[in-house]
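As structure tokens, the structure follows; a few thoughts come after it.
So that the names make sense, note that chain A is the first sequence line, chain B the second, and so on, each numbered from 1.
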Amino acid sequence: MIWHIAKKDFLLNIISARFMVGCALCLLIIPFTILTNIEDYKNQVRLYEIDRTTAETRLKETKVYSGLRPVIVRPPNPLTIFCNGINGNVGNKVKINFGDIPALTEGKASLRDNPFLNSFFSIDFINILSILISLLALIFSYDLFTREREEGTMKLSLSKGISRTQFLLGKISGVLLTLLPILILCYLLSILIIVLSKGISIGGENWINLLLIFGFSIIFMLLFVLMGAFISSRTKHSSTSIVVNLLCWIWFIFLVPNLATFISESYVRVQLYDNVEYAVKELNQEYNNIFHNEIGPEIDKELNMTNRSWWNMNGGYDGYMETSGTAKEVMEYERRLKAQGEPLRIDYADKKWAIVKDHMDGFSRQNRLQNILLCLSPSGLFEMVSAALCRSNEKAFLDFMEDVREYRETLIRHFELNMWFESYRYITAQPVDQFVSYEEQRAIAQSGNIPDCWSNNNNPVLDLEGVPMFDYKTEGVLSSLNQVLIKMILLLVVCILLSFLILWSFNQYDVR
Amino acid sequence: MLQAIDLSKRYEDGILALDALNLEIKEGEVFCLLGANGAGKTTTINLFLDFIEPSGGQAMINGIDATKDPLEAKKHVSFVSENVMLYGNFTARQNLDFFAKLGGKRNLSKEDYYMHMREVGLQEEAFEKKLKTFSKGMRQKVGLTIAIIKDAPNILLDEPTTGLDPKAASELLQILFQQKKLGKSILMCTHDIFRAKAIADRVGIMKEGRLVMVRTREELLEDDLEKIYMAYMQEMIITGQ
């Protein structure tokens, strides 16, 4: 009996204007969205290839340990074509510095504004799908009972000896049967476009994640169908029902997600970035004072330095220094300076990180509140679950940054174990046996017979064998599932509760 | 057989729509309920169909209490409403198929539906036409066909001739006559005293939820139903109801 009513509703729906409009909307908007996102993804891949190649080349050309500052480039994930998450707010590369613990990637991200607070108007598949499917679900369910009541068919149907529960289940199944092909069409169309696009491979576990997103889309769609059905069971006229449904749709799709962002930003206060910047600047100043006014003069005194000039020197504020042909007294001075200065730089990096981390924790608290508030909106939940499964949420990004920081620690340990901070190779690629004294340097310079090793360019590059390299880790399906399971169950529980509510409401429905 | 035993309905707003109605319609009998709007006619039908719960008494269909066991009771009754809208985007045959299956008739063929539609006088070309193109009379015939196909021993009709032209109304009565001959108990609520007189074995007049008068066909040969009915109506106008 349920199937019979569902089939009738399905047949009536598919010949209705709203079905045609719904399909047309999906056929127009979904390919446009996917094509835009594919283009965006391809640009990310191109950028990633350039950045990665540049980083690798630079690393291979490194000649001194102080120049060994790997750049980590985060590879783009093809699933971001479906859900871009916070990817639009953050960059994709991080340079490993010993003077700073990286908080964010370079590029778009800024500590001035919270990059983890997702905006809900980005044009990605999941956003568009959540708008379209929720709207269609309400459009097909707003008059589920009111129309039958208005046309007298409900009285006729219920006079036939079927229970209200059977009638209700049949009607809801009918709408689901109608919407399911539209949903499948949206996914198939997107996958087809992606598969036909050159150079994009979804690959392996991502298919399982996509399947999970599809499964969640069905629950999401069911929730809006139930919402429409509930409103229809509480109203007598279709006109009232559609107004209430549209108000609910605007509330859940547009207002709640944006209110969640607004409330979390207003309620959880994060200290001004200017204060953070000032505190960090002060620590830098403090470090520079110790480095230049305490360590430097002390070594100066120990070595009784009279002259401190370099032959060929490149350097930077991040501790990088590369010199050749410099007198061995200066080489020794610089070596000792680095040997004491670099561990201090690392200590100060930790101090700065404590300040920045406090600021970042504020962002995380805002993000947590936003996520809790988003649970009040089905579209917010859908977006959060999809972003988690597409690994484009704040957690995936923060996990990546945590891996980067761990890698930095590993690299520092490697430097310490191999005593690279104390080595001449930290500052020069010139072989130690070819170091010359001031007098020898002056004599050679006067003779004009400058050895090749006095030029930074002519010295050998570092042997990177044994140097720890960053290993980009991606979450497995189980880990992603673990993140979204509670949210999926939450939405299912809401659906079940709503089903009971509709059952109770429809049993009281005045069919006259 | 349809039976109302002390059947009463008081709505939440306090209005007493039906006041201890006692009624019995035997097999092969047509009972017409007349009365002004709000007299309690449709309430009676709604109570037989379990669309509303009675405040007291029982509505029995073939001895089954419609409130206690509505699904079983409804197996023994067919219903034709005032405005048979049906599904406009379905053809007449599709509408019949849907409601026939809901009523438990699952093995009917296309030919069976055509036969029933012919019986009620629908033209062949209308069988596969969408219902939204039908006139009210034609839709009412489809509604009646739905009731006939169910082949239940009782038929409830709620103002079935409203809005029909005289020809269509008389055709509808012809069909009801056939059903009466087949032994069906028929309860028809109507404003149409002429049709009621033409078809009813008994006529009842309802006023303020009470069945104030019942006359048999034989009694009506002597009494003027129109006068009696108008007298009740006049009384209502005088008392300002």
Could you look at B:Asn89 and say if it's the side chain, the backbone, both or neither that has a heavy atom under 4.5 Å from chain A? both
Can you tell me if CZ on B:Arg210 sees more than 12 non-hydrogen neighbours from other groups inside 6.0 Å? no
Checking side-chain contact (heavy atoms from CB on, under 4.5 Å) for the pair A:Lys160/B:Ile146: CA distance, chi angles, key distance, verdict? CA-CA 10 Å; A:Lys160 295 290 169 195; B:Ile146 290 169; 3.3 Å; yes
State, yes or no, whether a side-chain contact exists between B:Leu102 and A:Ile5 at a heavy-atom distance under 4.5 Å. yes
Does atom CD of A:Gln508 have more than 12 heavy-atom neighbours, drawn from other residues, nucleotides or ligands, at distances under 6.0 Å? yes
Proximity breakdown for A:Arg147 and chain B, heavy-atom pairs closer than 4.5 Å: neither
Where on B:Lys101 is there a heavy atom nearer than 4.5 Å to chain A: the side chain, the backbone, both, or neither? both
Chain B contact via A:Glu148 - which portion, at a heavy-atom distance below 4.5 Å: side chain
Please round to the nearest 0.5 Å and tell me the distance separating atom CG of A:Leu156 and atom CZ of B:Phe99. 4.5 Å
Drop me the distance from A:Ser159's OG to B:Lys150's NZ, to the nearest 0.5 angstrom. 5.5 Å
Can you tell me which portion of A:Ile15 sits under 4.5 Å from chain B's heavy atoms? Options are side chain, backbone, both or neither. side chain
Surrounding CG of A:Asp510 (heavy atoms of other residues, nucleotides or ligands, distance under 6.0 Å), is the total greater than 12? yes
If you count heavy atoms of other groups shown closer than 6.0 angstrom to NZ of B:Lys136, is the number above 12? yes
May I ask you to check whether over 12 heavy atoms, not counting those of B:Glu27, lie within 6.0 Å of atom CD? no
First locate atom CG of B:Asp97, then atom NE2 of A:His4, and finally report the distance between them rounded to the nearest 0.5 Å. 6.0 Å
Verify, without hydrogens or angle tests, whether A:Lys155 (side chain) and B:Ser81 (backbone) share a donor-acceptor contact under 3.5 angstrom. no
Is the CZ atom of A:Phe32 crowded by more than 12 outside heavy atoms at less than 6.0 Å? no
Only residue of B:Tyr87, B:Phe90, B:Phe98 satisfying side chain to side chain contact (heavy atoms under 4.5 Å, CB included) with A:Leu11 is B:Phe90
Quick check for you: among B:Val80, B:Leu86, B:Thr42, B:Asp50, which has the greatest number of heavy-atom pairs under 4.5 Å with chain A? B:Leu86
